[in-house]
Amino acid sequence: MRFITSMAHFMDGKAVAAEIRAEIRKDIEEFVEKGNRKPHLTAIIVGDDVASQTYVQMKMNAAKDVGITSETKRLPAEATEKELLDLIESLNNDKSVDGILVQLPVPDHMNERKICNAVICEKDVDGFNVFNVGRMCLDMNSMIPATPLGVIELIKRAGIETFGKNAVVVGRSKNVSMPIAMLMHADGRNETNAMDATVTICLRFTPPKELAKYCSMADIIITATGVPRLITKEMVKPGACVIDVGITHITDPNTGNTKLVGDVDFDEVRKVAGHITPVPGGVGPMTVAMLMHNTFTAAKNLAAASIKS
């Protein structure tokens with residue numbers, strides 16, 4: 001007799017990310033054994049935002065774990081846009097640097113799009129340069145932003161069927177939701193190796209009844225709005241895959257303690273979903289792992305280009 005569990009399969013992003021990092025570590029060891037230097041990642045932080053410093057330190061720890069050398073460049077919050085652009089330009093021209101990431105957000109007096117576009121495509125491990133974005137949207141080989149790439153890899157490794165399925169992406173950020181939607185609907189035969197799903201895009205301001213209507217028809221829901229518990233049990237089709245990219249700090253009114261929650265009412269939705277990611281421990285670790293993947297990819301491409309030249 002077959003028994004059907006009433007709880008969703010737990011998609012452990014931390015465990016999957018550890019697998020990916022182990023694979024990258026092995027690949028880098030082989031890369032170095034062939035006479036190549038270790039890949040190198042440089043991060044830039046502008047200002048003293050505690051969260052930004054924490055995120056960058058996590059990335060640097062991951063780099064060390066897989067065999068990537070790293071460095072963090074720090075500029076004061078009052079640094080000019082030109083000072084940041086000059087620093088990026090020097091790293092663009094530094095042959096010992098394979099990957100460059102500028103930790104966002106940058107101070108308000110700087111143009112974020114201008115800053116992202118200043119990182120050359122070959123070293124743009126965040127995938128934020130407009131030319132990398134354009135190539136991805138055209139289903140061509142490019143640097144894909146780490147969070148969307150992590151979501152896609154998590155879906156693939158969980159064995160979730162996407163071909164011809166209905167997917168809803170809730171969110172409209174240009175660095176996360178838009179790339180996820182593009183990768184979910186694009187042709188799996190092309191260079192991005194995408195997912196062939198039918199995609200509907202919603203956002204936090206989609207009227208609740210409409211959001212519930214679209215989500216209830218979805219085989220896959222991917223949400224990235226930063227609105228706590230936006231996705232409820234009643235909105236989820238039984239057996240659906242629910243990927244929660246949202247992350248918000250809230251204060252528990254009973255204890256006064258701060259905790260992290262996602263866009264999904266996890267405890268209730270897991271009773272009807274087929275697969276679900278937790279917050280924390282779901283997409284977050286995958287983002288860091290795929291940043292390491294992008295850095296190694298950049299190193300391989302630059303090494304190959306150096307040989308050709």
For this session: Not counting sequence neighbours, which residues clear side-chain hydrogen bond (donor to acceptor under 3.5 Å, both in side chains) with S142? List them please.
Result: none
Using distance only, find each side-chain donor-acceptor pair of residues 77-84 under 3.5 Å and give its atom names and separation, not counting sequence neighbours.
residue, atom, partner, partner atom, Å
T80, OG1, E83, N, 3.1
T80, OG1, E83, OE1, 3.4
E81, OE1, K114, NZ, 3.3
E81, OE2, N111, N, 2.7
K82, NZ, D86, OD2, 2.8
E83, OE1, T80, N, 2.7

Seminar exercise, completed: With sequence neighbours left out, the residues meeting salt bridge (charged side-chain N to carboxylate O under 4.0 Å, His left out) with D219 are K237
Seminar exercise, completed: Sorted by chain and residue number, the side-chain hydrogen bond (donor to acceptor under 3.5 Å, both in side chains) partners of Q103 (sequence neighbours excluded) come out as K59
Exercise. How long is the span from the CZ atom in R25 to the CD1 atom in I20, to the nearest 0.5 Å?
Worked result: 12.5 Å
Name each donor-acceptor pair under 3.5 Å that joins a side chain in residues 238-250 to protein atoms two or more places apart or in another chain, with its distance.
residue, atom, partner, partner atom, Å
D244, OD1, G246, N, 3.1
D244, OD1, D263, N, 2.9
D244, OD2, D263, N, 3.0
D244, OD2, V264, N, 3.0
T248, OG1, G226, O, 3.0

Exercise. Who pairs with D49 by salt bridge (charged side-chain N to carboxylate O under 4.0 Å, His left out), at least two apart in sequence or on another chain?
Worked result: none
Seminar exercise, completed: Residue set satisfying salt bridge (charged side-chain N to carboxylate O under 4.0 Å, His left out) with R135, at least two apart, ordered chain then number -> none
Exercise answer: donor-acceptor pairs, residues 156-165 side-chain atoms, under 3.5 Å, sequence neighbours excluded:
residue, atom, partner, partner atom, Å
K156, NZ, N193, O, 3.0
R157, NE, E153, OE2, 2.6
R157, NH1, E23, OE2, 3.0
R157, NH2, E23, OE1, 2.8
R157, NH2, E153, OE2, 3.3
E161, OE2, F163, N, 3.1
T162, OG1, M195, O, 2.8

Would you give me the side-chain donor-acceptor pairs under 3.5 Å for residues 31-39, sequence neighbours excluded?
residue, atom, partner, partner atom, Å
N36, ND2, F31, O, 2.9
R37, NH1, D98, OD2, 2.7
R37, NH2, K95, O, 2.9
R37, NH2, D98, OD1, 3.0
R37, NH2, D98, OD2, 3.4

Problem set entry | V119 backbone acceptor or donor facing N129 side chain under 3.5 Å | yes
Exercise. In the hydrophobic clustering that connects Ile, Leu, Val, Met, Phe, Trp and Tyr at side-chain heavy-atom distances below 4.5 Å, which members other than V50 occupy its cluster, ordered by chain and number?
Worked result: none
Exercise. Excluding sequence neighbours, so at least two apart, what forms salt bridge (charged side-chain N to carboxylate O under 4.0 Å, His left out) with K174?
Worked result: none
Problem set entry | Sequence-distant partners of S173, side-chain hydrogen bond (donor to acceptor under 3.5 Å, both in side chains), two or more places apart | none
